[in-house]
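In what follows, every chain begins at residue 1, and chains take the letters A, B, ... in the order their sequences are listed.
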Amino acid sequence: MDVSNILNNLNDAQRDAVTGALDNMLVLAGAGSGKTRVLVHRIAWLIQAEGLSPHQILAVTFTNKAAREMRGRIEELLGFTNRSMWVGTFHGLAHRLLKMHWREAKLNENFQILDADDQLRLVKRIAKQLDLDESHWPARQIVGFINAQKDEGRRAAHIDPGQGDMYQRTMVRVYTAYEEACERSGMVDFAELLLRAHELWLYHPELLQLYRQRFGHILVDEFQDTNTIQYAWLRVLAGDAVSITAVGDDDQSIYGWRGAKIENIQQFSRDFSDPKIVRLEQNYRSTSNILNAANAVIANNAGRLGKELWTEGMEGEKIDFYAGFNEQDEARFVVDQILRAVDDGMARSDIAILYRSNAQSRVMEEALIRSNVPYRIYGGQRFYDRLEIKNALAYMRLLVNRHDDAAIERVINTPVRGIGSKTIDTMREYARDHGCSLWHAGSAMVVNKLLPNRANSALEAFYDLIERLDGDTKELELAELADHVITVSGLIEHHRKEKGEKGQARIENLEELVSACKVYEPSNDEEERSVLADFLDNAALDAGEAQADEFEDSVQLMTLHSAKGLEFDTVFMVGVEEGLFPHKMSVSEPGRLEEERRLCYVGITRAMRKLYITMAESRRMHGSETYNTPSRFIKEIPTEYLTEIRMQAKVSRPVSFSRPSSPSAGFDDYDIPDTGISLGQRVYHSIFGEGVVINFEGQGKSARVQVNFDSEGSKWLVLAYAKLQAI
DNA sequence: ACTGTAGTGATTTTT
DNA sequence: TCACTACAGT
């Protein structure tokens, strides 16, 4: 068999990984080292050279995007599509298993997926029922607790309520009630998908056996991001029977706060017999300056598996470092550079602005808008997460499963139809007392006339609506059904009445939903499934992109987290200051600081040709001014790879003035002789190289002045200053 | 059921 | 600062 197409254009290490025997293998793949390529080629190799059938391959990723890309590239390489190959996310595959074996998993056939938002609402409701004060027991925290337990494979019953403090006991109480509520309404949250899939192996050895026989090899992408339950699921599935190729980079583990266990990558060598270890260290992405800087930063982390990226590429330009005197100035600098680059013919889409937290995007956006630079923000609310879409989906969910409490809660009075909180409360109470779903409770209340007349007829009307929708749409195509639902439910009319452009946008989104239904292709599952149910599951598991693809060439804005896996010609890493990056919430614990450093490493290695690092010496955050020093990560980059961009002084004539008593605090009205500038309310200094840089703003002017202390320490000698535009 | 306001709290978020 | 929430008043 000719396998040259699989092995061409691979370097030695890559080829080593691709052609490794059908045994356990751990591929430590540095940033930009061709990780996906290796994964894809290995699958092709297993099929063409090792003679595995696609049916015997299981490939697991974390994101739908990665799964799609992998499948696409395999097809490209092999020249054929094969649906029998399992390629998907952990959650997607778990869902698939549970759908196929719902009986064994003790689920009902039409179980629905509870997304993060529904989960929060449900927990809020339960906490309220248990009389927990919301300020004391924030729902977010409870959700965090529950998910963390599930990620560790622990059910409420596994946690001894006798043990532990008040906190733990309360959490377990809610956890228990939450489990019951999910059970009752046939809902499964994200973590539950994984946990149930794991339990499926534990409680049904015959099924486990079946899959062990089926799969010849398992491949796992982004292994450093697996959490306990995902790891356990893989480990049990593989046993001694199935071999695994795990690909990952411990230096890019940035989801520890979501339960990812970086140790899994070390644990692999212990749990899976005698794995072959391959390191991919040649980088094909960045210039050597960028790469060396990244290496230098990450070298400060302890306990790494050890890996040093190198490149045959050019040294390239140095990294530009710019310290703006505030976030406006920082943004102005970034936009100036972008304008210049675009003038020189660069595509805007080759430029990315990366920041630590979403709140930083705003200043950047404003600056981009001022200069008419098109941009696109990643992250934020995704299509299927939008309110109006979720409402429409809730109606559709009710058609599949009347006992979907989360869906009922969402739309029973949206649009308003006179079912107030009192009525809903009564329903909830009834449901709780009788251990039934809200749907059940409501219909029992209608039948037994347990409600005041007005509420009763309102509720009756709602039931009629749902039943009528169901009847009307039985024979319809998915898109027609969606269209029917959003019209007849009154959602469209509801948003039409909304004032402002918001309502219009929502209607457009609803229409977009109908279009999405039109082009939806159901996954060819083995068993017969309703297209509607399939569509709904897909919407929950793959929330879609935040924005529809715009054709206009735009600068890319995103958090460092969402930049993982991407690359750009030019990258601006902004807000690189102590307190923000590393974030102040992460500096106290060494482990979390290291994760921040890995995030920095991820950021640096996104850049192919040119990297800018910027900061703001003062920044308005949560309403008050903060004064920042450059991030420790910047200091970890050897100066030989850095250039500091400084404002050019327009005047270079030494002048001196009295040193204020407290240099870091604001001080008032110092005139700088012969410059016409007086110091304003805010002053900040930071130390770079030779002198001290002070930023002045006040009286409509701002300036940046480089000063040295005089020998007595009571005077500052101004060496140079530059006027900036009025702010 | 809508509207105004007072209070709060504020990283990151693949599924 | 700002955006979201809860609740009180109409």
Collect all protein-nucleotide pairs involving nucleotides 2-4 of chain C in which both atoms are nitrogen or oxygen and the distance is under 3.5 Å.
| from | atom 1 | to | atom 2 | distance (Å) |
| --- | --- | --- | --- | --- |
| dA3(C) | OP1 | Arg362(A) | NH1 | 2.6 |
| dA3(C) | OP1 | Arg362(A) | NH2 | 3.4 |

* To do: Using a heavy-atom cut-off of under 4.0 Å over every strand shown, decide if Asp115(A) touches base, sugar-phosphate, or nothing.
  => nothing

* Could you list the residues that satisfy side-chain contact (heavy atoms from CB on, under 4.5 Å) with His91(A), not counting sequence neighbours? => Thr89(A), Phe190(A), Leu193(A), Leu194(A), Gln230(A), Leu541(A)

* **Test side-chain contact (heavy atoms from CB on, under 4.5 Å) applied to Val416(A) - qualifying residues, sequence neighbours left out** => Asn413(A)

* Could you pull out all residues at least two apart from Asp133(A) that satisfy side-chain contact (heavy atoms from CB on, under 4.5 Å)? => Ser135(A), His136(A)

* To do: Check every strand shown and say whether Gly420(A) touches a base, only sugar-phosphate, or nothing at a heavy-atom separation below 4.0 Å.
  => sugar-phosphate

* **Set of salt bridge (charged side-chain N to carboxylate O under 4.0 Å, His left out) partners for Arg597(A), sequence neighbours left out** => Glu636(A)

Give me, pair by pair, the N or O atoms of the protein and of nucleotides 8-10 of chain C that are less than 3.5 Å apart, along with how far apart they are.
none

* salt bridge (charged side-chain N to carboxylate O under 4.0 Å, His left out) against Arg140(A), all qualifying residues, sequence neighbours excluded -> none

Give each protein N/O atom lying under 3.5 Å from an N/O atom of nucleotides 8-10 of chain B, with the pair distance.
| from | atom 1 | to | atom 2 | distance (Å) |
| --- | --- | --- | --- | --- |
| dA10(B) | N3 | His622(A) | ND1 | 3.2 |

* Asked: salt bridge (charged side-chain N to carboxylate O under 4.0 Å, His left out): which pairs involve residues 555-567 of chain A, sequence neighbours left out?
  -> Glu222(A)-Lys564(A), Asp225(A)-Lys564(A), Arg285(A)-Glu567(A)

* Set of ring-ring contact (aromatic ring centres under 6.0 Å, His included) partners for Tyr355(A), sequence neighbours left out -> none

* Asked: In residues 250-259 of chain A, what residues come within less than 4.0 Å of DNA chain B, judged by heavy atoms?
  -> Tyr255(A), Trp257(A), Arg258(A)

* Asked: For DNA chain B, which residues in residues 585-595 of chain A have a heavy atom at a distance below 4.0 Å?
  -> Met585(A), Ser586(A), Arg592(A)

